[in-house]
Amino acid sequence: MEKGRTGCGALRAADEGSVVELCGWVNRRRDHGGLIFVDLRDNDGVTQVVFDPQHPSFQAAEHLRHEDVLRVRGTVRRRPAGTENPKLATGEIEVGVDELEILNRAQVPPFAVNSDDPVDENLRLEYRYLDLRRSRMQRNLRLRHRIVKAMRDYFDSRDFVEIETPMLMKSTPEGARDYLVPSRLHPGSFYALPQSPQMLKQILMIAGFGRYMQIARCMRDEDLRADRQPEFTQVDVEMSFCTQDDVLEIMESGMRYVWKAVLGVELPPFARLTYDEAIARYGVDKPDLRFGLELSDVGAHFAGTEFGVFASVLGAGGSIVALRYPGGASLSRRDFDALTETAKQFGAKGMVWVAYAADGVKSSASKFLSEAQLAAVRAAANAEEGDAVLLFADARELAYGVAGKMRNEVGDRCSLRDPRAFAFCWVLGFPYLELDEETGKPAPAHHPFTAPAEGQWELMESDPMQMRAQHYDMVLNGYELGSGSIRIHKPEQQRKIFEMLGLSPADVEHRFGFFVRALEYGAPPHGGMALGIDRIAMLACGEENIREVIAFPKNQVGRDLMMEAPSTVPEQLLRDLYLRSTVPADGSR
RNA sequence: GGCGCUGUAGCUCAGUUGGUUAGAGCGCCGCCCUGUCACGGCGGAGGUCGUGGGUUCGAGCCCCAUCAGCGUCGCCA
């Protein structure tokens, strides 16, 4: 607070009689003709200031409007008995104005700044400075600040060093699409903005820093989602001579510290699931553990079934996955049709439902299901009378995937996803390889610096798809907060992975030469992790959209509606960079 | 690129089966009001019903296209 100025949230009854100076915005004005009250708001709170008619500033106060900016000097006085406002921290007192200075006038704002009533998001983003004045964004961004500060404090206390890495980096072929920056000094060459500081933090381990962290900005040129922005912030961590358990301990303790420091919440130890368990029980590798509704495989009960759909799926080695819908027996056929449509959007070919109502069992496939099968499904899904069970039959991966997404859908419909609950977990033991959908060949499921599970290098030759990675994800309420791994630190192993990726030695030299060379100069074993700050802040704030915890976010098509970026640039700027646009003048493509 | 939803006053919304001059609350403007705090009272202004086309005697409402936004799938090593 500047010398002599008092915050608008500071004054209490004990300050009676003191002369104070307040600065802030007109949150509200109540004009009684012979007496004017103004609620003055700053980042500290709201104070009622009073203009008496005999005072020279009274006439000016008659013309004050929402969001005008004032400096006020006056005397703190207790409010008359019976007029205190218990809803206001400063509600015992008011400031009788002696001096009013109007520092600036405001246009009539396009939406109400003094309330958190919903407003069209386009408008909020266009007038973000007004939106940020509102209490929701003030609260969210201040909470976010405290999260980031708690993280820095925590990692500092555990002897991590924050080191900045460049924003102008080198484009690498795999992963997300890069944002490119043309080089003026090197015509035809480009920097890439970092997707993450991955290789640089590993090089910092090779450089002997031992424990590194960074609040790192990352950019990925992919399509946006409610939980995804093209630029985002990670707490990026790397450590030397560590095991997977060491990293998990550091990161889990960190989250526990942050939750305690910022929210006052003591988190229990995080649940640990293997990838295979997560898929089998929840159908996803980022399960929402705020609720149960675990999946079950009921294929065994349908051996020899006459039902064509099930028979062909089982014949082809697929799965039939059951999901309980609590209270679902009361749904209408129409409701089930709508659910089936939802499942189809998740990739299902269809859905069979069974409703265990008090007056009997109904099903979309009742002709084909025996009493014994209905009972077996009910038992497998732990369904009670009044529940429904949804069945998804398909190739194993698809059936579980759809069931997992439908589990979240059912969780929403049954209000099982409490926004104030925090269910953290670790997912471990990911497969090292997955089949590339285009080529059909095995490719690393994660980034190519991940180390296989201990003692599994030999599987690379014998049974590569069985290899597991020393890779781990931290998951909160169904959101992936981040992932990490123990890295490869032997240059020959790193080369082998690149080779498997189909890179020739010349490719490796061109793209990763600096990195493999660094590994050859005594790279210590190391590993680490990165967590998405935006998602953490979003969940800590109880928000469902990442834009609510970012001061100046992009909209779904990557536009900043306030400054109107991206934009065209003067021709000369392009010439300096040796660039020429291929976009026709009318903007068509 | 696919699918779904949304678009009516400055804001948030209502608008019946297609039928007279498109409404409400808040905000805005003016007047009144000395204890309010979502102050109150009286009066007033304010509309390309996203845009274009079509069907119809008649369209905010139906059809087609298009724009913008949101959600989602693909995508995000």
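So you know, we letter chains A, B, ... as the sequences are listed, proteins then strands, and number each from 1. Please read these numbers as outputs of a predicted model, since none were measured by experiment.
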For the CD atom on A:Q59, are there more than 12 heavy atoms of other groups (residues, nucleotides or ligands in this structure) within a distance under 6.0 Å?
no

I need the single residue from A:L130, A:V119, A:L132 that forms a side chain to side chain contact (heavy atoms under 4.5 Å, CB included) with A:R124. Which is it?
A:V119

If we check side-chain hydrogen bond (donor to acceptor under 3.5 Å, both in side chains) with A:D236, which of these qualifies: A:Q198, A:K201, A:Q214?
A:K201

Base, sugar-phosphate alone, or nothing: which one does A:D31 contact when heavy atoms must sit under 4.0 Å apart?
base

Parallel, tilted or perpendicular, as decided by the 30° and 60° cut-offs, for the rings of A:H447 and A:F449:
tilted

From CG of A:L224 over to C1' of B:G69, roughly how many Å is that when rounded to an integer?
13 Å

Under 5.5 Å between ring centres and under 30° between planes: true for A:H32 and the base of B:U36?
no

Tell me whether the ring of A:F37 lies stacked over the B:U36 base, given a 5.5 Å limit on centroids and a 30° limit on the plane angle.
yes

Without decimals, in angstroms, what is the distance between A:F51 CZ and B:U34 C1'?
15 Å

By nearest atom, which of the nucleotides B:C39, B:C37, B:U34 is closest to the A:Q48 side chain?
B:C37

Just compare B:C39, B:G10, B:A68 and give me whichever is closest to any side-chain atom of A:R30.
B:C39

Find out whether the Lys NZ or Arg CZ of A:R228 is both under 6.0 angstrom from the six-membered ring centre of A:F232 and within 45° of the ring's axis.
no

Using a heavy-atom cut-off of under 4.0 Å over every strand shown, decide if A:L123 touches base, sugar-phosphate, or nothing.
sugar-phosphate

Contact class for A:V46 vs. all strands (heavy atom < 4.0 Å): base, sugar-phosphate, or nothing?
nothing

A:L88 CG to B:U36 P, in whole Å, measures 15 Å

Separation of B:C37 atom C1' from A:E92 atom CD, nearest Å, is 15 Å

On RNA chain B, nearest-nucleotide positions of A:V50 versus A:A112: which is more 5'?
A:A112

With a cut-off of less than 4.0 Å, is there a side-chain N or O of A:K87 near OP1 or OP2 of B:A38?
yes

Base, sugar-phosphate alone, or nothing: which one does A:N555 contact when heavy atoms must sit under 4.0 Å apart?
sugar-phosphate

Using atom C1' of each nucleotide, how far apart are B:G46 and B:G52 to the nearest Å?
26 Å

Any Lys/Arg nitrogen of A:E499 or A:R495 sitting under 4.0 Å from an Asp/Glu carboxylate oxygen of the other?
no

Can you confirm whether more than 12 heavy atoms, excluding those of A:F58, are under 6.0 Å from its CZ atom?
yes

Rounded distance in Å - CG (A:D412) to P (B:U72)
11 Å

Out of B:U34, B:G69, B:C11, whichever nucleotide has its closest atom nearest the side chain of A:L35:
B:U34

Write down the distance separating the C1' atoms in B:A59 and B:C3, rounded off to the nearest Å.
28 Å

For A:Q345, report the nucleic acid contact type (base, sugar-phosphate, nothing); a contact means any heavy atom under 4.0 Å.
sugar-phosphate

Side chain of A:H66 (C-beta onward), nearest among B:G69, B:G27, B:C37
B:G27

For the pair made of CD in A:E121 and C1' in B:G71, what is the distance, rounded to whole Å?
11 Å

Which part of the nucleic acid does A:R29 contact within heavy-atom distance under 4.0 Å: base, sugar-phosphate only, or nothing?
nothing

Looking across every strand, which nucleic acid part, if any, lies under 4.0 Å from A:P109 by heavy atom: base, sugar-phosphate, or nothing?
nothing

Under 4.0 Å, heavy atoms only, any strand: does A:E341 hit a base, just the sugar-phosphate, or nothing?
nothing

Rounding to an integer number of angstrom, what distance separates B:U17 and B:G58 when you compare their C1' atoms?
14 Å

Roughly how many Å apart are B:C73 and B:U12, using the P atom of each and rounding to a whole number?
27 Å

Please state the P separation for the pair B:C42 and B:G47 - nearest whole angstrom.
25 Å

P spacing across the pair B:C57 / B:A45, given as an integer number of angstrom:
37 Å

Could you give the distance separating B:G23 and B:G69 at their C1' atoms, to the nearest angstrom?
26 Å

Does the A:R134 side chain pair with the main chain of A:A112, one donor and one acceptor, at a distance under 3.5 Å?
yes

Look at all strands and tell whether A:E84 reaches a base, only sugar-phosphate, or nothing, counting heavy atoms closer than 4.0 Å.
base

Regarding A:P110, tell me which of base, sugar-phosphate or nothing describes its non-hydrogen contacts under 4.0 Å with the strands shown.
sugar-phosphate

If B:C57 has a Watson-Crick or G-U wobble mate with both distances under 3.5 Å, name it; if not, just say none.
B:G19

Assign the ring pair A:H32 / A:F37 to parallel, tilted or perpendicular, where the plane angle (0 to 90°) is split at 30° and 60°.
perpendicular

So what does A:R559 hit on the nucleic acid, given a heavy-atom distance under 4.0 Å: a base, only sugar-phosphate, or nothing?
sugar-phosphate

Base, sugar-phosphate or nothing for A:D221? Non-hydrogen atoms, less than 4.0 Å.
nothing

So does A:R128 pair up with A:D131, basic N to acidic O under 4.0 Å?
yes

For B:G69, take OP1 and OP2 only and decide whether either is under 4.0 Å from a side-chain N or O of A:N122.
no

Between atom CG in A:N114 and atom P in B:C37, what is the gap in whole Å?
15 Å

Phosphate OP1/OP2 of B:G71 contacted by A:N545 side-chain N/O (<4.0 Å)
yes

Using the C1' atoms only, state how far B:A22 lies from B:G60, rounded to an integer number of Å.
8 Å

Report yes if at least one side-chain N or O of A:R65 is closer than 4.0 Å to OP1 or OP2 of B:C29; otherwise report no.
yes

Heavy-atom count check: over 12 atoms from other residues, nucleotides or ligands less than 6.0 Å from A:E544 CD?
no

Using Watson-Crick or G-U wobble geometry with both distances below 3.5 Å, tell me the partner of B:C3, or none.
B:G71

To the side chain of A:K405, which of B:G71, B:G35, B:G74 is closest?
B:G74

Side-chain atoms of A:V108 come closest, of B:U34, B:U36, B:G27, to B:G27

Testing B:G35, B:U72, B:G27 for proximity to the side chain of A:Q556, the answer is B:U72

What class does the angle between the rings of A:F512 and A:F498 fall in, given that below 30° is parallel, 30 to 60° is tilted and above 60° is perpendicular?
parallel

Check whether any side-chain nitrogen or oxygen of A:R79 sits under 4.0 Å from OP1 or OP2 of B:G35, and answer yes or no.
no

Detail all sub-3.5 Å separations between protein N/O atoms and N/O atoms belonging to nucleotides 75-77 of chain B.
from: B:C75; atom 1: O2'; to: A:E222; atom 2: OE1; distance (Å): 2.6
from: B:C75; atom 1: O2; to: A:R228; atom 2: NH2; distance (Å): 3.0
from: B:C75; atom 1: N3; to: A:R228; atom 2: NH1; distance (Å): 3.2
from: B:C75; atom 1: N3; to: A:R228; atom 2: NH2; distance (Å): 2.9
from: B:C75; atom 1: N4; to: A:R228; atom 2: NH1; distance (Å): 3.4
from: B:C76; atom 1: O2; to: A:R228; atom 2: NH1; distance (Å): 3.2
from: B:C76; atom 1: N3; to: A:R228; atom 2: NH1; distance (Å): 3.1
from: B:A77; atom 1: O4'; to: A:G175; atom 2: N; distance (Å): 2.9
from: B:A77; atom 1: O2'; to: A:H446; atom 2: O; distance (Å): 2.1
from: B:A77; atom 1: O2'; to: A:H447; atom 2: N; distance (Å): 3.2

